[in-house]
Amino acid sequence: MHRRMESIMGALYDGVLMPDAWSHALADVCRQVDAGVFHFFSIGTAPSVLPSVSNLEGVGLHSGLMREYEEQHAGNDLRMSATLGLAVGQLMFDHEHVSPQEMSRSSVYADWLVPLGFRHTVATRVREVGSASDFLSFMRPKDANPFGAHDRVFIERLMPHLSRATSLRAQMGLLSRQASLGIAALQTLPQGML
């Protein structure tokens with residue numbers, strides 16, 4: 001497990017500059033915890049909000065489903081409520097916060113998640129800045145067991161690196177946007193500058 005952890009940590013930090021490495025690192029975490037999909041997304045507004053990332057297309061689903069979740073379902077998702085109630089970096093295992101009866105009555109579970117083939121979720125708020133928060137979740141196929149103690153240990157060990165790499169990615173994205181604006185402003189000047 002130690003070698004796998006180091007490999008994932010390296011890919012997370014590579015992902016600060018290379019989006020593909022970030023996706024590969026999260027996909028590796030997904031495999032390590034026997035999840036079917038991962039979803040990294042932000043809610044709220046801040047200059048350093050990161051783009052959403054998931055591996056839905058890798059499992060044969062349309063990537064637009066995650067945008068649908070962010071725009072239509074996150075606001076009434078029992079899992080989001082539970083995750084928001086925890087400190088940044090703490091893990092929310094849905095079966096510890098949402099009863100089977102609540103899951104069966106929840107439109108997110110019954111009408112969206114289960115029909116897509118997923119059920120159990122582990123989620124965390126990775127970063128909070130101003131009114132924005134970055135979230136990461138891993139979901140297992142609907143016929144799989146809930147996440148357990150082994151998964152908790154692995155993700156908790158990885159959590160400081162996930163948080164740090166997320167912050168670095170956000171800062172790099174902000175710097176990149178600022179540099180692009182500066183270059184665009186220079187290109188619109190009617191005279192050359194030295």
Side-chain angles (χ1 to χ4, degrees), residues 8 23 25-46 49-163 166:
I8 291 171
S23 294
L26 296 180
D28 283 347
V29 176
C30 210
R31 283 188 288 277
Q32 183 66 35
V33 297
D34 296 323
V37 296
F38 71 83
H39 183 203
F40 179 94
F41 63 104
S42 300
I43 292 181
T45 56
V49 167
L50 293 162
S52 296
V53 180
S54 75
N55 65 335
L56 275 183
E57 289 180 348
V59 296
L61 296 171
H62 188 272
S63 62
L65 289 168
M66 288 308 180
R67 182 168 308 284
E68 176 189 327
Y69 170 79
E70 295 165 25
E71 294 173 356
Q72 298 177 23
H73 301 293
N76 64 352
D77 188 351
L78 299 171
R79 300 170 305 162
M80 276 300 290
S81 298
T83 304
L84 285 168
L86 300 174
V88 171
Q90 287 187 312
L91 299 179
M92 185 288 304
F93 286 47
D94 66 345
H95 66 279
E96 295 175 351
H97 294 270
V98 183
S99 72
Q101 187 178 30
E102 289 172 314
M103 287 181 189
S104 69
R105 288 186 292 199
S106 164
S107 63
V108 172
Y109 278 93
D111 301 331
W112 192 77
L113 196 62
V114 172
L116 290 177
F118 301 101
R119 180 173 177 160
H120 294 292
T121 303
V122 59
T124 185
R125 193 161 27 139
V126 180
R127 183 180 71 114
E128 185 175 46
V129 56
S131 64
S133 290
D134 297 323
F135 297 90
L136 177 60
S137 64
F138 298 95
M139 290 161 274
R140 281 190 170 159
K142 62 184 177 185
D143 56 348
N145 291 326
F147 290 90
H150 180 74
D151 307 308
R152 182 183 302 275
V153 168
F154 183 81
I155 298 171
E156 283 179 346
R157 279 186 177 164
L158 195 58
M159 205 61 228
H161 303 285
L162 275 167
S163 294
T166 298

Are E156 and V153 packed together at the side-chain level, in the sense that at least one heavy-atom pair is separated by less than 4.5 angstrom?
no
Find the distance between NE2 (H73) and CH2 (W112) and round it off to the nearest 0.5 Å.
6.0 Å
List the atom pairs, donor and acceptor, that lie under 3.5 Å between side-chain atoms in residues 82-95 and the rest of the protein, sequence neighbours left out.
{"from": "T83", "atom 1": "OG1", "to": "R79", "atom 2": "O", "distance (Å)": "2.8"}
{"from": "Q90", "atom 1": "OE1", "to": "A87", "atom 2": "N", "distance (Å)": "2.9"}
{"from": "D94", "atom 1": "OD1", "to": "T121", "atom 2": "N", "distance (Å)": "3.2"}
{"from": "D94", "atom 1": "OD2", "to": "Y109", "atom 2": "OH", "distance (Å)": "2.7"}
{"from": "D94", "atom 1": "OD2", "to": "T121", "atom 2": "N", "distance (Å)": "3.2"}

How about C30 and N55: do any of their side-chain heavy atoms sit closer than 4.5 Å?
yes
Can you give me the closest heavy-atom contact between P141 and G36, atom names plus distance?
CD-N, 4.0 Å
Residue pairs, two or more places apart or on separate chains, that pass salt bridge (Lys or Arg N to Asp or Glu O under 4.0 Å) and touch residues 111-122:
none
If you take all heavy atoms of A110 and S104, which pair is closest and at what distance?
CB-O, 3.9 Å
Within this structure, what is the OG-CD distance for the pair S42 and E70, rounded to the nearest 0.5 Å?
8.0 Å
Could you tell me which residues satisfy salt bridge (charged side-chain N to carboxylate O under 4.0 Å, His left out) with E128, sequence neighbours excluded, listed by chain and number?
R125
Looking at H120 and F147, what are the two nearest heavy atoms and their distance?
O-CE1, 3.4 Å
Please examine the side chains of V53 and F38, heavy atoms only from C-beta on, and report whether any two atoms are closer than 4.5 Å.
yes
For R67, I'd like to know if atom CZ has over 12 heavy atoms of other residues, nucleotides or ligands within 6.0 Å.
no
All salt bridge (charged side-chain N to carboxylate O under 4.0 Å, His left out) counterparts of R105, not counting sequence neighbours
none
Which residue in the set V108, V114, V98 passes side chain to side chain contact (heavy atoms under 4.5 Å, CB included) when paired with M103?
V98
Can you tell if the side chain of L158 reaches within under 4.5 Å of the side chain of I8, non-hydrogen atoms only?
yes
Distance col, row R31:CZ vs L26:CG, nearest 0.5 angstrom, shows 10.5 Å
If the test is side chain to side chain contact (heavy atoms under 4.5 Å, CB included), which one of T166, L162, I155 qualifies with L136?
L162
Does atom CD (Q101) have a neighbourhood of more than 12 heavy atoms from anything else shown, all under 6.0 Å?
no
How about V126 and M159: do any of their side-chain heavy atoms sit closer than 4.5 Å?
yes
Would you say the side chain of F138 lies within less than 4.5 Å of the side chain of D151, judging by non-hydrogen atoms?
no
To the nearest 0.5 angstrom, please state how far the OG atom of S106 sits from the CG atom of N76.
7.0 Å
Test side-chain contact (heavy atoms from CB on, under 4.5 Å) on M66 and S54; report intermediate values, then the result.
CA-CA 8 Å; M66 288 308 180; S54 75; 3.6 Å; yes
Tell me every residue that passes side-chain contact (heavy atoms from CB on, under 4.5 Å) with S63, counting only those two or more places apart in sequence or in another chain.
E57
Tell me every residue that passes salt bridge (charged side-chain N to carboxylate O under 4.0 Å, His left out) with E68, counting only those two or more places apart in sequence or in another chain.
none
pair Y69-L116: side-chain heavy atoms closer than 4.5 Å
no
Side chains of I43 and S133, heavy atoms from C-beta outward: is any pair under 4.5 Å?
no
